[in-house]
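Have a look at the structure below, then the notes.
Bear in mind that the values here come from a model prediction, so they are computed numbers and not experimental data.
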Amino acid sequence: DSVEIFFDTEGKGNYVQFGITSKGARWASTGKIDFEVKTSKTDDGYIVEVAIPFALIGATPKTGDIWRVNTCRSDYDLMVPHNAWSCTYGSFLTPSRFGKYIFK
């Protein structure tokens, strides 16, 4: 079981990716894993809390910025083992299908 978080801060398809397992193991496409993770198991799943510094994402948002972002989950015990906050219609690696964070 894992959660993956994708940030495309320029909206050009150049994303950074962070992965966290339900047991708290972590990785990043940048190779830098110095971000905070807390996981806990519930009766019907698990909870993942993540604190990723903007420095690891590669940008700090300013008012008016729009970032493409997605959060995805893989759970092979489910009938549908992959799902995402913003549906990418297949591969998680489709930044044009990521949702948008609009900073105000």
Show me, pair by pair, the donor-acceptor contacts under 3.5 angstrom made by side chains of residues 34-44, not counting sequence neighbours?
unit_1: Thr39; atom_1: OG1; unit_2: Ser22; atom_2: O; d: 3.2
unit_1: Thr42; atom_1: OG1; unit_2: Asp44; atom_2: N; d: 3.4
unit_1: Thr42; atom_1: OG1; unit_2: Asp44; atom_2: OD1; d: 3.2
unit_1: Thr42; atom_1: OG1; unit_2: Gly45; atom_2: N; d: 3.0
unit_1: Thr42; atom_1: OG1; unit_2: Gly45; atom_2: O; d: 3.2

side-chain hydrogen bond (donor to acceptor under 3.5 Å, both in side chains) pairs, two or more places apart, involving residues 84-104: none
Residues clustered with Ile102, ILVMFWY side-chain links under 4.5 angstrom: Ile66
CD1 on Ile33 to CZ on Phe18, rounded to 0.5 Å: 11.5 Å
Set of side-chain contact (heavy atoms from CB on, under 4.5 Å) partners for Val3, sequence neighbours left out: Ile5, Tyr46, Val48, Thr71
Taking every non-hydrogen atom, the tightest pair across Thr60 and Trp67: C-CZ2, 4.1 Å
Partners passing side-chain contact (heavy atoms from CB on, under 4.5 Å) against Ala55 (at least two apart in sequence or in another chain): none
Same apolar cluster (I L V M F W Y, side chains within < 4.5 Å links), Ile52/Ile20: yes
Which residues share a side-chain contact (heavy atoms from CB on, under 4.5 Å) with Thr21, sequence neighbours left out: Lys23, Ala25
Cluster overlap Leu56 with Phe7, hydrophobic side-chain contacts below 4.5 Å: yes
Rounded distance [0.5 Å steps], CG in Asn83 versus CZ in Arg73: 4.5 Å
Within one Ile-Leu-Val-Met-Phe-Trp-Tyr cluster: Ile47 and Val50, side-chain cutoff 4.5 Å: no
Asp65 side, atom CG; Glu10 side, atom CD - distance, nearest 0.5 Å: 10.0 Å
Phe54: partners by ring-ring contact (aromatic ring centres under 6.0 Å, His included), with sequence neighbours left out: none
Considering all heavy atoms, the nearest Asp8-Gly13 contact: OD2-N, 2.7 Å
Connected-component partners of Tyr15 among ILVMFWY, side-chain separation under 4.5 Å: Phe6, Phe92, Leu93, Phe98
